[in-house]
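Sequence lines set the chain letters: A, B, ... in the order given, protein chains first and strands last, and positions in each chain run from 1. Remember, predicted model here, so these are calculated numbers, not experimental data.
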Amino acid sequence: KQEVTQIPAALSVPEGENLVLNCSFTDSAIYNLQWFRQDPGKGLTSLLLIQSSQREQTSGRLNASLDKSSGRSTLYIAASQPGDSATYLCAVGKAGGTSYGKLTFGQGTILTVHP
Amino acid sequence: GAVVSQHPSRVICKSGTSVKIECRSLDFQATTMFWYRQFPKKSLMLMATSNEGSKATYEQGVEKDKFLINHASLTLSTLTVTSAHPEDSSFYICSARATGLYGYTFGSGTRLTVV
């Protein structure tokens, strides 16, 4: 059974700092890994998607890496802004079989960026 | 592109009544949609996989008679919480994947409160 762990559970930083969110998973047989943002009481917004054959993806100030062999992914946020404050979720999509397409989520990292 | 609309965003119902939540893919067809449940300050837990034209596949521990899923068309899946109890109060989110895209698009979620 796939287990996804995110560290830290919460993070508070001053505006402008670069930060790293960590995600680890126990089963390396993944289809893809996706990072999401969730604002309080809202749905999920996809930030970055990394296919199992890829090592990293970048979008603006965000960079996500994937090391499938070690079961790890990191989300790097450059020059953080108060608007980045949200919960960040890491989700792993299982490869193949009847479980294809199912996502297993981590518990999330609550990020607070203060001015 | 790849927008998923979920309705209603909030609903309050009395114990014993049934509530229907709709999930629509607005600009793509989705043969498969997923229903998740999120408890306060917890991550998302997959409840079931909704398959167009066939029965849904439920995760272990999810009561199929309580959480009725219907996927009657390629753009609409519904989740009906039957005989709702206060412990069914939660945040329910659906997702779908557009053909040709690798990531998942999520609806905005439905906050269900059973009183």
Under 4.5 Å between side-chain heavy atoms, hopping through other hydrophobics if needed: is there a path connecting L48(A) to F25(A)? yes
Quick check on I12(B): does its CD1 atom have over 12 non-hydrogen neighbours (other residues, nucleotides or ligands) under 6.0 Å away? no
Can you tell me if CZ on R55(A) sees more than 12 non-hydrogen neighbours from other groups inside 6.0 Å? no
Residues in residues 64-95 of chain B near chain A [non-hydrogen atoms, under 4.5 Å]: F91(B), I93(B)
Reported CD-to-CG distance for the pair Q38(B) and L89(A), which is rounded to 0.5 angstrom: 7.0 Å
L44(A) versus chain B, the contacting section by heavy-atom distance below 4.5 Å: both
Under 6.0 Å between ring centres: does that hold for Y104(B) and F36(A)? no
For the hydrophobic clusters of this structure (ILVMFWY residues joined by side-chain heavy atoms under 4.5 Å, transitively), does one cluster hold both V4(A) and I30(A)? yes
Could you see if L62(A) belongs to whatever hydrophobic cluster contains I50(A)? Use Ile, Leu, Val, Met, Phe, Trp, Tyr and a side-chain cutoff under 4.5 Å. yes
Is it the case that one hydrophobic cluster holds both I77(A) and L66(A), taking links as side-chain heavy atoms less than 4.5 Å apart, direct or via other members? yes
Give, for atom CG of L103(A) and atom CG of L44(B), the distance between the pair rounded to the nearest 0.5 Å. 9.5 Å
Check: S108(B) side chain, K42(A) main-chain N or O, donor-acceptor pair, under 3.5 Å: no
Decide whether V114(B) and W35(B) are clustered together by the hydrophobic rule: side chain heavy atoms of Ile, Leu, Val, Met, Phe, Trp, Tyr closer than 4.5 Å, transitively. yes
Contacting region of Q38(A) [heavy-atom separation from chain B under 4.5 Å]: side chain
